[in-house]
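Notes to accompany the following structure.
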Amino acid sequence: MEEMGVEWLQLIRLDETDSTNTRIRQCEAVREMTVVTAEYQTAGRGQRGNSWESERGENLSFSILIRPAFVKASEQFILSQAVSLAIQQTLEEYVRPVRIKWPNDIYWNDRKICGILIENELNGKQIERCVLGIGLNVNQREFRSDAPNPVSLYQILGMEQDRDRILMKILFRFRQELQRIAAGESKQVAQEYFQALYRKKGFHAYRDKDGIFEARMEGVEPQGFLLLRDREGGLRRYAFKEVSIVLGRYFL
Ligand code: BTN
């Protein structure tokens, strides 16, 4: 284990762990931000109870721990928006277009380049601790798992990228977004998030429990609900996992 820090950051680098999201819970969070990275996770976790596959030493697998006293539990989605924006903006320094697929996947064109798993510990109306786990495909050449549409920076650019540089850029940007939220600029952050959404413009096919329909994005509520306007003019409101985007034979 190697540990390093600037005054606002405690950075712990592990060679191997089960899951950085699990491991970081043992940390005390002495600085503004604690980060645990792993070269390899033996039990990396994804959304919807899926596992997260990443070749040893090729990508970025890390978790961020913060204690955002300035965010109410009812407004926790702003943290998801902030970290998504930080990653989207960082990646756009390398490739374009990078978009956020609601609620918090990061896409390059129609392919997923980064996944985020957020786990909050609440205490009444407060967020006690927020763990943001990030799996970003950097230098992996091939994907063998059954994920529908993965892509890495290497596959797009044809050359390896410095993982540490990307990590630090994301952490700096995320810190800036948190500072904006603390300064009362949540609305602007949410607006920028909306502007950066995948499939924001025009009508697209979606699937919910009743079947497939076409709709366009109308907005995202502060609690994270997605608002879609269907072809018939009806407004539909969805929580995470209640709706997916139809892309060819995939439901994203
Ligand atoms: C997803 O399913 O899209 C979310 C993937 C999140 C993966 C990251 S890798 C670092 C952190 N540790 C985990 O076990 N999961 C997250």
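Computed from heavy atoms alone, side chains included, the values below leave out hydrogens, waters and symmetry copies. As the structure lists them, so they are numbered: ligands from 1, and atoms in each ligand from 1.
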Numbering as shown, the atoms of ligand 1 that approach Gly46 to under 4.0 Å (heavy-atom distance): 1 (C), 2 (O), 4 (C), 5 (C)
Quick test: of every protein heavy atom, which one is nearest to atom 15 (N) of ligand 1, and how far off is it to 0.1 Å? Arg45 O, 2.7 Å
Indicate the atoms forming the closest heavy-atom contact of Lys72 with Ile127, along with that distance. O-CD1, 3.9 Å
Could you tell me the residue and atom name of the protein heavy atom closest to atom 1 (C) of ligand 1, and the distance to it rounded to 0.1 Å? Gln47 N, 3.5 Å
Run the numbers for me: atoms of ligand 1, each under 4.0 Å from some heavy atom of Gly44, listed by number. 14 (O)
Note: Lys112, heavy atoms under 4.0 Å from ligand 1, region reported as side chain
Run the salt-bridge test on Arg237 and Glu218 with the 4.0 Å N-O cut-off and return the result as yes or no. no
So which protein heavy atom does atom 9 (S) of ligand 1 come closest to, and at what separation? Gln41 NE2, 3.3 Å
shortest atom 5 (C) of ligand 1-to-protein heavy-atom contact is with Trp52 CE3, 3.4 Å
Quick one: do Arg173 and Glu93 make a salt bridge, cutoff under 4.0 Å? yes
Within ligand 1, which atoms have a heavy atom of Thr20 less than 4.0 Å away? 10 (C), 11 (C), 12 (N)
Is the shortest side-chain N to carboxylate O distance from Glu177 to Arg175 below 4.0 Å? no
Within a distance under 4.0 Å of any heavy atom of Asn21, pick out the atoms of ligand 1 and give their elements. 11 (C), 12 (N)
Are any of the N/O atoms in Ser19 less than 3.5 Å from those in ligand 1? yes
Between Tyr250 and Asn149, is any side-chain donor less than 3.5 angstrom from a side-chain acceptor? no
SB check Glu16 Arg56 (cutoff 4.0 Å): yes
At a 4.0 Å threshold, what atoms of ligand 1 neighbour a non-hydrogen atom of Asp105? 3 (O)
With Arg45 as partner, the option from Thr22, Asn50, Asn21 fulfilling side-chain hydrogen bond (donor to acceptor under 3.5 Å, both in side chains) is Thr22
Angle class for the Tyr206/Phe213 ring planes (parallel below 30°, perpendicular above 60°, tilted otherwise)? parallel
Could you list the atoms of ligand 1 found under 4.0 angstrom from a heavy atom of Ile116? 3 (O), 4 (C)
Report the part of Asn50 in contact with ligand 1, treating N, CA, C, O as backbone and CB onward as side chain, heavy atoms under 4.0 Å; options are side chain, backbone, both, neither. neither
Is any NZ, NE, NH1 or NH2 atom of the basic residue among Arg236 and Asp210 found under 4.0 Å from an Asp or Glu carboxylate oxygen of the other? no
